[in-house]
Amino acid sequence: MRTHYCGQLNASLCDQIVTLCGWAHRRRDHGGVIFIDLRDREGLAQVVCDPDRPEMFQIAESVRNEFCLKITGKVRPRPAGTTNANLASGEIEVLCHDIEVLNASVTPPFQLDEENLSENVRLTHRVIDLRRPQMQNNLMLRYKTARAFRRFLDDHGFIDVETPMLTKSTPEGARDYLVPSRVHPGQFFALPQSPQLFKQLLMVAGYDRYYQITKCFRDEDLRADRQPEFTQVDIETSFMDEQQITALIEELIRYVFKDAIDVDLPNPFPRMSYAEAMSRFGSDKPDLRVTLELTEVTDAVKDVAFKVFSGVANSEGGRVAALRIPGGASLTRGEIDEYTKFVGIYGAKGLAYIKVNDATQLNESGLQSPIVKNIHQEALKAIMERTGAQSGDLIFFGADKAKVVNDALGALRSKIGHEKGYLNGKAWEPLWVVDFPMFEYDEEEKRWTACHHPFTSPKDEHLNFLVTDPGRCLAKAYDLALNGWEIGGGSVRIHRADVQSKVFDALAIGEEEAQAKFGFLLDALKYGAPPHGGLAFGLDRIVTMMTGAESIRDVIAFPKTQRAQCLLTDAPSGVDEKQLRELHIRLRQKVETSVEVGSH
């Protein structure tokens, strides 16, 4: 029906007859001449309707916003002084010869250029929301980004293989989404949290280099960068070690950013151990654009009179860390109180601080804080030297279990850095975080749990720690962080059944449980499984960062809300009794009622 997209028109087409199809973005009546800004996915074109074509002009008078139109006309230069440099077609306009209303539109729920729309309104009327230029640009960039991933991987010998959506429930992290089986009463499929087990099976099957851009499902509490269903760029390869895999993946990400948004990422990416990242930044995905760092002072405060510090410093797993804010002595009491409330979100019981009025006086005259009188000179000197504090600075402290301190001060570091401008001026700061612990200890269950997943390979030199000291065991695992977001993570996998058995022993997963959950993988490893490893990227997160959107919902066509609901389709919803009977399911009345109430 069309000869060109609106956004493709330019001065080279002057005097040519074109046919455009799209939506009336705006209609303006200028004293007998009607202007229609026609919109399609490629942009806008200005259409001029003169009254010297009465039949066409009469139709143009009836056009309103969001009418679907077909327009044929002649391309001509815009009059001098009326060009629009912000439009690809801004040098020309189309003199309308013929106009056809393909479909009229009722008044839309909001104007497409309306600002400050509530997200609920946007998601309820998502079809109209997706017509907005910003959303069109976001989804076009998402397509370009996925295309770049595919192009690179195709060119490097990877093949696209689909893996099942209905699979076995192996709950080893987030909750599974369960799907009842009609033909097997009382039994359930699970939607995959990732294709992890299947991509390992493909390596055992000899497919060498696999990738897939696929949906994954996790029934977990949501926030801005999470969805119950999300898209993963899943990658696995055989006969490559940790260094070779990360080098290839690094090349991939540089290619994707250059191809999609013309950004040159650094070469090479910096690398940092997990231990160093947690010590300096309180995060395993630190935003390196922020120049602030944490300083370890646990050993320096073990014998101070301030029990909040010394008590933690002498307890197992405790940490006392300092965060120096250059020039921070100018922070008001109100600002400090707000930061204290903020760290409370992460479990911190308070936020001690010292204002450095005069760095040469290590007493209450030079250091302003209610805690100074309870910290001896030697400890104060160590704090000042280690942090590098100068007159006019402020030092915040965290004292608690290491995880609480890291979470609280790590988040505070990022918050203050962005709010107060403690930034290095770089737009993109990637970082490989490596040498993750294999396990973390669950105090409630009194057992070790896998930091990544139970198929991650330990460092070769740490194999003995699986039996003697699991807490010292490091993994061949690696995460790629970018600007404070984890955009991808992976590991070299266990390919030997004996090593996998030792890992299960460390995790207190017995032989019977292991066989019941992962028997199909364990059996496959017996058949000459090759060394293999891989990584998965969160496509939604990467595109969100590229667009600068506040939420991944802005780069997904039909997302769920933070309560895992689709406002467009009103899902999840009830189903009729016949469907439930076919699935051999009966709902208790109180559960059914609570679901109905909770969904509105």
Before we go on, tell me: are the rings of F152 and F158 under 6.0 Å apart, centre to centre?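 No - the distance between ring centres of F152 and F158 does not fall below the 6.0 Å cut-off.
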Indicate, with yes or no, if the rings of F455 and H453 have centres closer together than 6.0 Å.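 Ring centres of H453 and F455 closer than 6.0 Å.
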Between the side chains of [Y] and [X], is the shortest nitrogen-to-carboxylate-oxygen separation below 4.0 Å, so that they form an ion pair?
X: K258; Y: D262; answer: yes
X: D554; Y: R132; answer: no
X: D160; Y: R150; answer: yes
X: R175; Y: E220; answer: no
X: E93; Y: R76; answer: yes
X: D234; Y: K199; answer: yes
X: E582; Y: R182; answer: no

With side-chain hydrogen bond (donor to acceptor under 3.5 Å, both in side chains) as the criterion, how do D208 and S238 come out once you've worked through the C-alpha distance, each side chain's angles and the decisive distance to 0.1 Å? CA-CA 5 Å; D208 199 353; S238 298; 4.7 Å; no
Listing request: all side-chain hydrogen bond (donor to acceptor under 3.5 Å, both in side chains) pairs with a residue in residues 3-15, at least two apart in sequence or in separate chains.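 Passing the test, one end in residues 3-15: N10-S12.
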Qualifying residues under side chain to side chain contact (heavy atoms under 4.5 Å, CB included), relative to K341, sequence neighbours excluded: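 Here the qualifying residues are E338.
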Can you sort out the partners of T231 under side chain to side chain contact (heavy atoms under 4.5 Å, CB included), two or more places apart, ordered by chain and number?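 Testing T231 for side chain to side chain contact (heavy atoms under 4.5 Å, CB included), a comparison that skips the adjacent residues, returns R142, I213, K215, L539, D540.
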Regarding [X] and [Y], is there a side-chain donor-to-acceptor distance under 3.5 Å anywhere?
X: S414; Y: D287; value: no
X: T163; Y: Q212; value: yes
X: T124; Y: R122; value: no
X: E429; Y: N424; value: yes
X: Q200; Y: Y210; value: no

Note, L482 side chain near F257 side chain (heavy atom, < 4.5 Å):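 A side-chain contact exists here, since the closest heavy-atom pair is under 4.5 Å.
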Within a strict 4.5 Å, meaning less than it, do heavy atoms of the Y478 and I249 side chains meet?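 SC-SC contact between Y478 and I249 ruled out.
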Between atom [atom1] of [X] and atom [atom2] of [Y], what is the distance when rounded to the nearest 0.5 Å?
X: H25; Y: I36; atom1: NE2; atom2: CD1; result: 13.0 Å
X: I235; Y: L153; atom1: CD1; atom2: CG; result: 5.0 Å
X: F57; Y: I34; atom1: CZ; atom2: CD1; result: 3.5 Å
X: C21; Y: M1; atom1: SG; atom2: CE; result: 4.5 Å
X: L117; Y: N120; atom1: CG; atom2: CG; result: 11.5 Å
X: R126; Y: L130; atom1: CZ; atom2: CG; result: 5.0 Å

R254 charged N/C atom sitting above F269 aromatic ring, 6.0 Å / 45°: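 Yes, R254 and F269 form such a contact.
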N/O donor-acceptor pair under 3.5 Å between D40 side chain and G43 backbone: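 The answer is yes, because a donor-acceptor pair under 3.5 Å joins these two groups.
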Member of R26, R39, Q111, R27 meeting the side chain to side chain donor-acceptor pair (under 3.5 Å) criterion with N65: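 Checked R26, R39, Q111, R27 against N65; only one passes side chain to side chain donor-acceptor pair (under 3.5 Å): Q111.
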Which of parallel (below 30°), tilted (30 to 60°) and perpendicular (above 60°) describes F436 and Y274?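 Tilted, since the angle between the ring planes falls between 30° and 60°.
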Write down the atom of D259, the atom of K144, and the distance for their closest heavy-atom approach.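 Closest approach of D259 to K144: OD2-O, 4.2 Å.
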